[in-house]
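Reminder, nothing fancy here: chain letters follow the sequence lines and each chain counts from 1. This is a predicted model, so every value here is computed, not measured.
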There are 2 protein chains.
Amino acid sequence: MATDRTDEGVGMGESGRPRRATVLDVAKAAGVSSATVSRVLNANYPVAEATRTRVQKAMDELGYVVNAHARALAGATGRTVGIIVNDVTDPFYAYIARGVERQATRAGRLCLVCSTQGEPARELAFVDMLHERRADAVILVGGSYDNKGYATELAARARAMAHQDGPTLVLCGRPSLGPDVPTAVVEYDNEGGGFALTDHLLSQEHRRILFLGGPPGLSTTRGRIAGHHRALRLRGIEPDPLLQQTGAFNRRFGYERTRDLLKAGRPSFTAVFGANDHVAAGAVQAIEEAGLRIPGDLSVAGYDNVPLTRDLRPQLTTVHIPLEEMGAEAVRRVLRDPDEDSNSPAPGRTVRLGTHVVVRDSVAPPSRR
Amino acid sequence: MATDRTDEGVGMGESGRPRRATVLDVAKAAGVSSATVSRVLNANYPVAEATRTRVQKAMDELGYVVNAHARALAGATGRTVGIIVNDVTDPFYAYIARGVERQATRAGRLCLVCSTQGEPARELAFVDMLHERRADAVILVGGSYDNKGYATELAARARAMAHQDGPTLVLCGRPSLGPDVPTAVVEYDNEGGGFALTDHLLSQEHRRILFLGGPPGLSTTRGRIAGHHRALRLRGIEPDPLLQQTGAFNRRFGYERTRDLLKAGRPSFTAVFGANDHVAAGAVQAIEEAGLRIPGDLSVAGYDNVPLTRDLRPQLTTVHIPLEEMGAEAVRRVLRDPDEDSNSPAPGRTVRLGTHVVVRDSVAPPSRR
DNA sequence: CTGAAAGCGCTAACAT
DNA sequence: ATGTTAGCGCTTTCAG
């Protein structure tokens with residue numbers, strides 16, 4: 001394929017292999033200097049109309065394509081935003097990624113998506129690669145585990161990158177690394193959401209609520225549980241450890257654990273608070289298979305408000321998170337929106353987005369028995 | 001942030017701004033030449049153990065980070081695979097993207113994800129940007145519209161890129177641009193799937209089948225319809241134009257169109273063939289709201305086999321497409337798998353993956369009335 | 001408005 | 001095993 005004989009212009013070297021046109025080739029063809037070519041390329045400097053068209057024509061004829069690497073090397077940035085997620089097929093990440101993509105595009109950047117495929121250890125490697133590529137921002141998405149060593153490593157990266165004015169590290173949906181670590185952070189209120197949802201359940205007279213799923217050490221899980229506990233205690237209910245079954249964020253965990261709990265006899269709870277919507281969907285399936293009705297026999301609520309919540313029957317009560325907006329905000333922390341009021345104040349380094357309960361049909365007062 | 005005073009090593013120029021360490025700085029600090037530093041960096045050439053450690057130490061102390069752009073410029077490739085999709089939040093694309101990501105990672109590449117956000121016109125711009133970045137491959141995902149001018153443009157890009165041995169264009173789930181256009185292609189059998197699913201419906205005694213959704217000009221839609229028609233004719237049924245309602249690939253279209261059709265009185269069809277699972281989900285909702293039962297009153301089938309199909313009740317009969325595998329194959333067309341039998345034959349430029357019907361609970365013989 | 005020339009940071013011959 | 005050196009393709013002062 002590469003040895004196509006229809007050589008169009010640039011000429012091949014002695015080797016007979018086609019060579020890419022460079023600014024110099026264009027310059028020669030147009031009878032100008034490479035500097036002038038660069039100027040029409042970037043349109044950042046006055047160039048005579050006639051010259052410009054001559055250069056443009058030469059570019060077209062030679063099939064010239066700038067080399068982004070040479071360009072990045074010569075000065076500018078990499079014009080790239082990097083985003084690191086767990087799994088692109090999980091809507092939680094996909095919607096955040098979409099927000100990042102949208103906003104990055106507005107800012108004239110391309111979006112490098114890295115997936116750790118569930119291995120947090122790969123995060124650091126990706127951070128390094130993005131640093132090597134001189135990305136403008138490295139956005140870390142989703143909760144983190146409470147691991148001192150890891151946090152130190154990450155903080156060191158953040159410092160090194162800031163120090164060399166490399167990429168800015170942005171924490172998106174993950175707690176800050178501390179006030180002295182140079183990062184931007186986009187948070188949403190897990191504690192508040194956990195509180196609000198639990199309060200909703202309590203207001204429907206539920207007193208025995210099963211908190212189900214979420215990796216136990218993950219900041220996200222911990223936040224949601226913290227809010228859950230606060231709401232409980234506010235009504236004088238001491239959290240029962242047996243009603244707190246953490247594990248994972250997936251459907252299977254929700255299904256299996258609920259099934260097992262239901263198999264053990266009459267459930268000791270009247271409502272399930274799924275740590276996220278997938279877990280809740282699993283619980284719904286197990287409940288359905290056990291021949292119980294939702295919300296008649298058991299109430300179920302989720303968290304995240306992904307589209308799945310509307311495909312379930314009954315539709316799932318959940319907590320809405322502005323996922324796409326979070327992604328966009330992450331980029332805005334670092335890159336100013338070009339078509340925004342240009343003398344508006346520079347964005348702060350950290351922002352906290354609100355969440356709210358979305359009431360649908362999967363929660364009702366428990367039946368009296 | 002960038003004016004952190006704790007300068008660690010490299011020293012600032014007269015300007016007082018920290019400067020990034022380069023191979024030369026490392027070389028100086030380790031008392032070797034830049035070539036040696038490059039050698040330990042790439043581990044592609046023998047270097048004395050003692051020297052290596054000395055260099056490593058210097059790198060650590062200086063906080064050295066290679067510049068991927070300089071590296072790419074100096075010879076090597078961009079070490080990047082680009083993928084262009086419509087929408088990252090659509091599972092169809094997300095799963096393909098995951099396959100691409102996985103395989104790209106195996107081949108030591110990073111994955112640049114570009115989303116056209118539903119505007120096919122942006123595809124070409126992305127192709128150009130990826131060319132500029134010297135990606136190894138540019139993977140175009142999903143069906144295409146039958147547009148002569150556009151195809152010509154794309155073919156020109158493919159030729160130019162091949163000619164300059166730039167990125168290889170890979171068509172993933174989209175028809176070839178012709179045998180003379182240098183691209184790789186990963187197909188799956190839309191016609192065959194449409195045939196198989198329709199045949200399944202026919203085998204359940206359905207004779208009036210509504211084909212619903214899919215952008216009318218899209219290759220994907222056309223393929224599925226073609227198979228649908230072939231199956232119909234094979235049983236001596238002439239396709240009824242009234243039973244072919246194309247439009248879009250989303251849930252809303254499926255919902256609204258089905259609702260309207262049902263409002264018009266007793267439906268003239270006994271089964272719905274949704275052009276994809278989202279459309280089918282919309283149809284399911286409309287049918288449910290009309291007070292009809294699935295599959296008792298009406299059967300519904302989808303296409304793609306995305307996870308949603310298992311959240312619906314009844315679970316949806318559909319056609320499985322190996323989405324993730326398609327993404328992986330797209331990368332394999334271009335980049336050899338490193339830990340694969342190294343003397344296995346080079347992969348062909350085009351491959352066609354199979355699909356199959358997944359029978360679940362949304363299809364049953366029509367009730368006799 | 002345009003040109004000349006000095007890098008940007010790295011790799012890969014070619015020497016030693 | 002290690003050093004020297006010539007670029008890779010572009011941008012950007014600095015002159016004119």
Visitor: Take atom CG of Leu73(A) and atom P of dT11(D), then tell me their distance rounded to the nearest Å.
Guide: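 Taking CG of Leu73(A) and P of dT11(D), I get 11 Å after rounding.
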
Visitor: With no hydrogens and no angle check, do the side chains of His69(B) and Glu132(A) hold a donor and an acceptor under 3.5 Å apart?
Guide: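 Absent: no donor and acceptor within the cut-off.
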
Visitor: Nearest to the side chain of Arg39(B), which nucleotide is it out of dG9(C), dG3(D), dA12(C)?
Guide: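 Taking heavy atoms from C-beta onward, the closest nucleotide is dG3(D).
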
Visitor: CZ of Arg20(B) versus C1' of dC10(C): gap in Å, rounded?
Guide: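 Computing the Arg20(B):CZ to dC10(C):C1' distance gives 14 Å.
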
Visitor: Relative to the 5' end of DNA chain C, which residue comes earlier, Val47(A) or Asn42(B), by the nucleotide with the nearest heavy atom?
Guide: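 Between the two, 5'-proximity favours Val47(A).
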
Visitor: Mind checking Val66(A) for me? I need base, sugar-phosphate or nothing, with any heavy atom below 4.0 Å counting as a touch.
Guide: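 If one applies the 4.0 Å heavy-atom cut-off, Val66(A) turns out to touch the sugar-phosphate alone, with no base involved.
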
Visitor: Thinking salt bridges, do Arg79(A) and Asp136(A) make one under a 4.0 Å N-O criterion?
Guide: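 Here Arg79(A) does not pair with Asp136(A) in a salt bridge, since their nearest N and O are not under 4.0 Å apart.
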
Visitor: Out of dG3(C), dC8(D), dT4(D), which has the shortest distance to the side chain of Ser33(B)?
Guide: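 It is dT4(D).
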
Visitor: Distance check needed: dC10(D) P versus Leu41(A) CG, whole Å only.
Guide: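 Answer to the nearest Å: 8 Å.
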
Visitor: With nearest nucleotides of DNA chain C determined for Ala70(A) and Glu49(A) from heavy-atom distances, which residue corresponds to the more 5′ nucleotide?
Guide: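 It is Glu49(A) whose nearest nucleotide is closer to the 5' end.
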
Visitor: Distance-only, no hydrogens or angles: does the Ser38(A) side chain make a donor-acceptor pair with backbone N or O of Ser34(A) under 3.5 Å?
Guide: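 No: the side chain of Ser38(A) does not pair with the backbone of Ser34(A).
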
Visitor: Is a side-chain N or O of Arg98(B) found less than 3.5 angstrom from the main chain of Val88(A), in a donor-acceptor match?
Guide: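 A pair under 3.5 Å: no.
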
Visitor: Regarding Arg133(B) and Thr80(A), do their side chains bring together a donor and an acceptor under 3.5 Å, going by distance alone?
Guide: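 There is such a pair between these side chains.
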
Visitor: Taking any heavy-atom pair under 4.0 Å as a contact, classify Thr36(B): base, sugar-phosphate, or nothing.
Guide: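 The residue Thr36(B) makes sugar-phosphate contact but no base contact.
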
Visitor: Between Arg134(B) and Pro46(B), which has a closest nucleotide on DNA chain D that is more 5'?
Guide: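 Counting from the 5' end, the first nearest nucleotide belongs to Pro46(B).
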
Visitor: Between Arg71(A) (CZ) and dT11(D) (C1'), how many Å, whole number?
Guide: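 Value for this atom pair: 9 Å.
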
Visitor: So does Arg174(A) pair up with Glu123(A), basic N to acidic O under 4.0 Å?
Guide: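 Answer for the salt bridge query: yes.
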
Visitor: Among the nucleotides dG9(C), dA12(C), dT11(D), which one has an atom lying closest to any side-chain atom of Asn44(B)?
Guide: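 Ranking dG9(C), dA12(C), dT11(D) by closest atom to the Asn44(B) side chain puts dA12(C) first.
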
Visitor: Calculate the interatomic distance between Lys28(B) atom NZ and dT4(D) atom P; express it in whole Å.
Guide: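 My rounded result for the distance is 12 Å.
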
Visitor: For dG9(C), does either OP1 or OP2 sit under 4.0 Å from a side-chain N or O belonging to Thr22(B)?
Guide: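 Indeed not, no polar side-chain atom of Thr22(B) lies that close.
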
Visitor: How bent is the helix from dC1(C)-dG16(D) to dT16(C)-dA1(D), comparing axes over its five end pairs at each side, to the nearest 10°?
Guide: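 So the angle between the two local helix axes works out to 30°.
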
Visitor: Tell me which nucleotide among dC10(D), dT2(D), dG9(C) gets nearest to the side chain of Tyr64(B).
Guide: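 Nucleotide nearest to Tyr64(B)'s side chain: dG9(C).
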
Visitor: Can you check the Leu24(A) CG to dA4(C) P distance for me, whole Å?
Guide: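 Going from Leu24(A) (CG) to dA4(C) (P), I get 10 Å.
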
Visitor: Do Tyr64(B) and Asp25(B) have a side chain donor and acceptor closer than 3.5 Å?
Guide: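 No pair is found: no donor N or O on one side chain lies under 3.5 Å from an acceptor on the other.
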
Visitor: Give the nucleotide from the list dA12(C), dC8(D), dG3(D) with an atom nearest to the side chain of Val32(B).
Guide: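 Ranking dA12(C), dC8(D), dG3(D) by closest atom to the Val32(B) side chain puts dG3(D) first.
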
Visitor: Any side-chain heavy-atom pair from Val100(B) and Val113(B) closer than 4.5 angstrom?
Guide: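 No, their side chains stay 4.5 Å or more apart.
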
Visitor: Whole-Å distance between dC1(C) P and Arg52(A) CZ?
Guide: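 Spelled out: CZ on Arg52(A) to P on dC1(C) is 10 Å.
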
Visitor: For Ala35(B), answer base if it contacts any base atom (sugar-phosphate contacts may also be present), sugar-phosphate if it contacts only those atoms, and nothing otherwise; contact means non-hydrogen atoms under 4.0 Å.
Guide: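 Base, at least one base heavy atom under 4.0 Å.
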
Visitor: Taking the side chain of Asn67(B) as heavy atoms from C-beta outward, which of dC10(C), dT2(D), dT5(D) is closest to it?
Guide: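 Output: dC10(C).
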
Visitor: Look at the side-chain N and O atoms of Ser34(B) and state whether any lies under 4.0 Å from the OP1 or OP2 oxygen of dT11(C).
Guide: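 For dT11(C), OP1/OP2 do not have a side-chain N/O of Ser34(B) under 4.0 Å.
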
Visitor: Closest approach to the side chain of Ala48(B), judged atom by atom: which nucleotide of dA1(D), dG9(D), dT11(C) is it?
Guide: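 Of all the options, the side chain of Ala48(B) is nearest to dA1(D).
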
Visitor: Can you check the Tyr45(A) OH to dT12(D) P distance for me, whole Å?
Guide: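 These atoms are roughly 11 Å apart.
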
